[in-house]
Structure formats: structure tokens, C-alpha cells
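Below: one structure, written as C-alpha cells.
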Amino acid sequence: ADAASVVAAGSVLAFVVSSLLPKVYEAETTVLISPPAVTVEGTQNLSFRPSSEVSFEAYETLAESKGVLGEAAQSVNPELSYTDINGTVKELIGPQGAGQSVPLLVTHTVKDSDPERAIQYADAWATATLMAVQRSLFANIQPINTVTIEAIKPLRETLAAAEAALETFEASDESTA
């Protein structure tokens, strides 16, 4: 009878302790990053293939950075900080070696005492991480983009002047016909 009473007392104690613990909910957001197959061919055989492979290690480092976690927390509530997100990232699929161009599939899992807040945190965290990845991938082509936009401005002005001259010519040509 002693063993049975110890088991019963242990079971009652376990039930009481588990019912007093706060409930923890888990939300998960899955992110897919696919390397684009972009080739731009122009005059004089110009080709451009952007290097857009993202390793899980780089993704994880960005995701767990104070800046990204803070951005995610503040997008849910401006009074929150990076310490308010209790989560992990896990690679499901990704490149297994350098130069391998395959999609990266990652989950963001967040635990919280409020199920709705857990969902908001997981989504905000995945979004903030993707934005950080995008900024880092396009950082090396941003100067090219800026120079290209500046180079196009005078061409647009010239085109606008040529179109205005053409309209004037066509108007005068119709009046003489």
C-alpha cells in the first residue's frame, strides 16, 4: 500500500503543479527563399547573374540579431523590445554546399502565453528577417541602381523634347495637308 500511496501522491502533486503553470502556446511561420534565375542580356553580350544564395547560418544570424528581433517586436507593439520574442529558427531545406543553388526553407517558431501574440510575433519576426535578407542581398547593387537612375534622367528629358517636337511637326504637317 505504501507504493500505491506514493504513486497516487506523486500523480496528485504533478497534476496540481501542471495546472498552476502558465499555458504556453507555440506559433510557427515558414519562409521560402528561392534564388532567382535572372539573366539580363543586353548590347555587347552583357550578362548579369546576381549572387543571391543565402546560407542558413547567415539567415539565422540575421534573424537572431537584436536589430531584427527589435524591429519585429516593435512592429507588433512599439513598447516591446527584442527580448520579448521567445523563439527559434530551424532550417528545413537548404544548400548543402558552397555554390549549390537551391531554395532555403526556414521556420520561425515563437512561444508565448497568448496564442494571438505568438502568431503576431512569429509573422513579424519572419517578415523582419526577410526584409533584412533583402537589404543585404541588394546592398551590393544599390550603387548600380542609383547610377543607372541618374544616367536615365537626361535621356528621359531628351525623349520628352523629341516627342514634343514630333507632335509639333505632326500638327503642322496636318495643317498643310
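Just so you know, these numbers come straight off a predicted model, no measurement behind them.
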Can you tell me how far [atom2] of [Y] sits from [atom1] of [X], rounded to the nearest 0.5 angstrom?
X      : Y      : atom1 : atom2 : value
Thr29  : Gln120 : OG1   : CD    : 11.5 Å
Glu28  : Thr107 : CD    : OG1   : 4.5 Å
His108 : Thr127 : NE2   : OG1   : 8.5 Å
Thr109 : Trp125 : OG1   : CH2   : 7.5 Å
Phe56  : Leu92  : CZ    : CG    : 9.0 Å
Glu167 : Phe169 : CD    : CZ    : 13.5 Å

Test item: [X] and [Y] side chains (from C-beta on) under 4.5 Å apart, heavy atoms:
X      : Y      : value
Leu80  : Tyr121 : yes
Val106 : Thr30  : no
Glu26  : Val110 : no
Leu62  : Val133 : yes
Thr129 : Val31  : no
Glu91  : Leu105 : no

Could you go step by step and tell me if Tyr59 and Leu104 meet the side chain to side chain contact (heavy atoms under 4.5 Å, CB included) rule? CA-CA 9 Å; Tyr59 187 93; Leu104 175 64; 4.0 Å; yes
If you take all heavy atoms of Ser75 and Ala72, which pair is closest and at what distance?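 Looks like OG-O, 2.8 Å.
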Which pair of heavy atoms, one from Ala118 and one from Tyr25, lies closest together, and at what distance?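 Reported closest heavy-atom pair: CB-O, 4.1 Å.
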When you check the gap from the basic side-chain N to the acidic O, do Glu71 and Arg135 get nearer than 4.0 Å?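 A salt bridge is present here (some side-chain N lies under 4.0 Å from a carboxylate O).
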Would you say Ile119 ends up clustered with Leu130 if hydrophobic residues are merged whenever their side chains have heavy atoms under 4.5 Å apart, either directly or through other cluster members?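 Looking at the clustering, Ile119 is in a separate group from Leu130.
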Okay, side chain of Asp84, backbone of Ser81: is any donor-acceptor separation there less than 3.5 Å?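 Present.
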